[in-house]
Trainee: 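Below is the structure I would like to discuss, written out as structure tokens.
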2 protein chains.
Amino acid sequence: MLTNRNSMLKKERQAFIIKEINLHNKVLSSDLSMALDVSEDTIRRDLNELAMEGRVVKVHGGALSKSYQMAAVQADTYAYEKKEVIAMKTLKLFKDGMVILTSGGTTMREIAKRLPESLQVTFFTISPLIALELAEHPKADVILLGGQLSNASKVTIGAEVVQKISEIKADICILGINGMDLDGITDSDYEIVQVKKAMIKASKQMIIPTISEKLNTALRYKVTPTADIDCLITELSPLHDTIQPYLSQVKLVL
Amino acid sequence: MLTNRNSMLKKERQAFIIKEINLHNKVLSSDLSMALDVSEDTIRRDLNELAMEGRVVKVHGGALSKSYQMAAVQADTYAYEKKEVIAMKTLKLFKDGMVILTSGGTTMREIAKRLPESLQVTFFTISPLIALELAEHPKADVILLGGQLSNASKVTIGAEVVQKISEIKADICILGINGMDLDGITDSDYEIVQVKKAMIKASKQMIIPTISEKLNTALRYKVTPTADIDCLITELSPLHDTIQPYLSQVKLVL
DNA sequence: CGCTTTTATGCTAAAATTTTCATGAATATA
DNA sequence: TATATTCATGAAAATTTTAGCATAAAAGCG
């Protein structure tokens with residue numbers, strides 16, 4: 001029989017497919033069949049296997065990258081790039097064994113998405129969305145704080161949540177915010193303020209990740225004085241003009 | 001503006017549409033047809049499908065945005081059409097003022113998505129995903145039962161959840177299941193069995209919506225005897241052969 | 001080494017899915 | 001109301017998938 005000079009091993013072929021998908025976000029069975037010089041059946045079987053392993057999303061005619069479906073959401077997240085920077089900075093503060101208390105918000109979500117696989121931490125959160133994101137992590141322990149779900153902000157609120165939080169002793173709390181100036185952190189929802197106050201009280205350290213846009217804005221209710229912040233994280237350098245006034249108020253700025 | 005690629009996959013096209021809608025809050029079938037170089041029929045079908053999934057609002061001539069933040073967790077639902085039928089049947093049991101206790105699962109999610117706008121009910125749920133879905137409803141009161149989040153099934157489990165459930169008195173509980181035969185409902189996860197038992201105990205009536213595929217299958221742990229079911233809902237007619245043996249066991253079959 | 005078993009691949013026909021087209025009905029808009 | 005769009009439907013065409021089977025290579029094993 002003729003020897004097959006170009007014959008790829010199965011794993012090799014699948015690696016190629018993955019690479020192709022990462023590059024283009026999609027592949028067509030017909031293209032791959034052509035490129036790899038195997039039947040479409042073989043490609044289909046490969047794609048099915050990869051889909052089974054959750055590495056790609058199989059669709060009629062080919063496959064899509066997993067992140068493709070999320071592209072819509074990503075594009076949707078306001079100031080996505082800035083929040084990405086903030087997320088990376090925030091993650092540096094996480095250490096093995098920590099107990100972390102978190103609120104909701106898109107910035108927090110970017111943090112959750114990027115949690116390093118190796119990290120072993122315990123999360124308490126009032127946000128079902130964050131909880132679901134964290135649940136994808138192999139080693140994170142996730143405890144969702146139950147209570148009435150706020151229609152607007154999609155986090156749990158109410159006396160029960162506050163009560164439960166008071167029973168926790170967390171190493172750090174990551175607090176998403178809506179407004180903040182040199183005086184203090186503020187919010188427009190009274191119920192949420194109550195929960196945030198409880199979160200701060202339950203934690204040794206308070207971390208505030210926020211886009212710089214929210215600095216120097218104030219809302220109706222005060223959550224806590226700016227001086228109580230242990231670490232303020234924005235997308236800007238700590239040397240940036242906007243940040244200067246906060247350097248003296250806050251213990252650490254990243 | 002809108003770029004034209006050669007031969008888009010269906011999912012890809014729909015993702016594009018979603019992105020377009022998130023961006024502009026609306027799309028016209030005619031524009032999309034032009035931009036994506038497919039017939040308006042195809043676009044219409046896409047829009048109808050997306051509307052069916054509750055991701056956009058279909059209107060004459062196009063579609064509108066529906067404030068949406070869950071595309072990421074929107075995996076493809078297995079046996080979608082069947083679950084749709086089950087959802088519609090189940091919704092008939094809901095009455096104003098009811099307190100409803102629910103587990104998770106894709107079938108339950110289809111129910112949640114289709115909850116009529118006019119209905120005023122209180123939901124207790126162990127599933128963050130269901131909670132988020134219900135939170136879109138203008139009149140539903142949603143209480144998320146907190147606890148440790150199970151990595152696999154994405155519902156809260158543990159003693160705390162069981163304890164909280166025991167304090168509830170619900171009118172009905174909607175229980176997603178994994179296995180069931182003439183003897184009883186069974187599950188493969190011990191922790192989840194404990195929670196489900198508590199849910200049954202806390203409710204006056206137990207409703208089981210399930211695709212017929214799960215009938216006559218059994219798993220490791222028993223949740224409750226089949227005879228205790230108040231209402232069994234499948235995609236099949238109660239007259240169907242598969243259902244026959246259950247008619248005598250269960251109070252009501254839809 | 002031979003022998004069996006497993007795995008990978010390709011082929012075919014039938015089934016399912018997707019898309020387009022044609023048509024009349026329904027709906028918007030001037 | 002008249003006119004133009006848009007919609008729903010079913011049939012047809014194009015494409016993709018499935019399933020069963022045959023072949024050949026690879027792996028195990030006495």
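The basis for the numbers below is simple: all heavy atoms, side chains too, and nothing from hydrogens, waters or symmetry mates. The chains referred to below are lettered A, B, ... by the order of the sequence lines, with proteins before strands, and numbering in each begins at 1. Small disclaimer: the values here were computed from a predicted structure and weren't measured.
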Trainee: When you get a sec, tell me which of D:dA19, D:dC7, D:dT16 is the closest nucleotide to the side chain of A:His60?
Mentor: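 Per side-chain heavy atoms of A:His60, the pick is D:dT16.
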Trainee: Tell me the interatomic distance from B:Arg45, atom CZ, to C:dT17, atom P, rounded to whole angstroms.
Mentor: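 Computing the B:Arg45:CZ to C:dT17:P distance gives 13 Å.
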Trainee: Atom CD of B:Glu40 and atom C1' of C:dT27: how far apart are they, to the nearest Å?
Mentor: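 To the nearest whole Å, that distance equals 15 Å.
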Trainee: Has A:Ser39 got a side-chain N or O lying under 4.0 Å from the OP1 or OP2 atom of C:dC11?
Mentor: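 Checking C:dC11 against A:Ser39, no side-chain N or O comes under 4.0 Å of OP1 or OP2.
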Trainee: Yes or no on side-chain contact (heavy atoms from CB on, under 4.5 Å) for B:Ile208 and B:Ile233, after CA distance, side-chain angles and deciding distance?
Mentor: CA-CA 6 Å; B:Ile208 308 291; B:Ile233 303 174; over 6 Å; no
Trainee: When only distance counts, do a donor and an acceptor, one from the side chain of A:Asp41 and one from the base of C:dC11, lie under 3.5 Å apart?
Mentor: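 When only heavy-atom distances are counted, A:Asp41 does reach the base of C:dC11 through a donor-acceptor pair under 3.5 Å.
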Trainee: Expressed as a whole number of angstroms, how long is the span from A:Lys11:NZ to C:dT7:P?
Mentor: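 Taking NZ of A:Lys11 and P of C:dT7, I get 12 Å after rounding.
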Trainee: Rounded to the nearest angstrom, tell me the gap between atom CG in A:Leu28 and atom P in C:dT18.
Mentor: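 Spelled out: CG on A:Leu28 to P on C:dT18 is 15 Å.
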Trainee: Figure out the CG/P separation between A:Leu47 and C:dA8, and round it to whole Å.
Mentor: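 Those two atoms, CG and P, are 15 Å apart.
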Trainee: Starting at atom CE of B:Met34, determine the distance to atom C1' of D:dT6, rounded to an integer number of angstrom.
Mentor: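 Answer to the nearest Å: 15 Å.
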Trainee: In whole Å, what is the span from the CD1 atom of B:Ile43 to the P atom of C:dT20?
Mentor: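 Distance check: B:Ile43 CD1 to C:dT20 P gives 9 Å.
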Trainee: Would A:Leu91 and A:Ile111 count as a side-chain contact (heavy atoms from CB on, under 4.5 Å) here? Give the steps.
Mentor: CA-CA 7 Å; A:Leu91 284 171; A:Ile111 296 170; 3.9 Å; yes
Trainee: With the side chain of B:Lys10 defined as its heavy atoms from C-beta on, choose the nearest nucleotide among C:dT18, D:dC7, C:dT9.
Mentor: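 The nucleotide sitting nearest to the side chain is C:dT18.
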Trainee: Verify the contact: side-chain N or O of A:Thr42 to OP1 or OP2 of C:dG10, cut-off strictly under 4.0 Å; return yes or no.
Mentor: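 Checking A:Thr42 against C:dG10: at least one side-chain N or O falls below 4.0 Å of OP1 or OP2.
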Trainee: For C:dG10, does the base pair up with any side-chain atom of A:Arg44 as donor and acceptor (N or O, under 3.5 Å, distance only)?
Mentor: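 Between C:dG10 and A:Arg44, which were checked side chain against base, a qualifying N/O pair under 3.5 Å is absent.
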Trainee: Under a 3.5 Å distance rule, please check whether B:Lys139 uses its side chain to pair with a backbone N or O of B:Ser118 as donor and acceptor.
Mentor: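 Side chain of B:Lys139 to backbone of B:Ser118: a pair is present.
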Trainee: Nearest-Å distance, NZ (B:Lys58) to P (C:dT27)?
Mentor: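 Interatomic distance, NZ of B:Lys58 to P of C:dT27: 13 Å.
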Trainee: I'd like to know if A:Glu84 and A:Arg114 make a salt bridge, using a cut-off of under 4.0 Å between side-chain N and carboxylate O.
Mentor: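 A salt bridge links A:Glu84 with A:Arg114.
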Trainee: Could you walk me through whether A:Lys26 and B:Leu9 satisfy the side-chain contact (heavy atoms from CB on, under 4.5 Å) test, starting with their C-alpha distance in whole Å, then the side-chain angles of each, then the deciding distance to 0.1 Å, before giving a yes or no?
Mentor: CA-CA 9 Å; A:Lys26 79 160 177 183; B:Leu9 298 167; 4.2 Å; yes
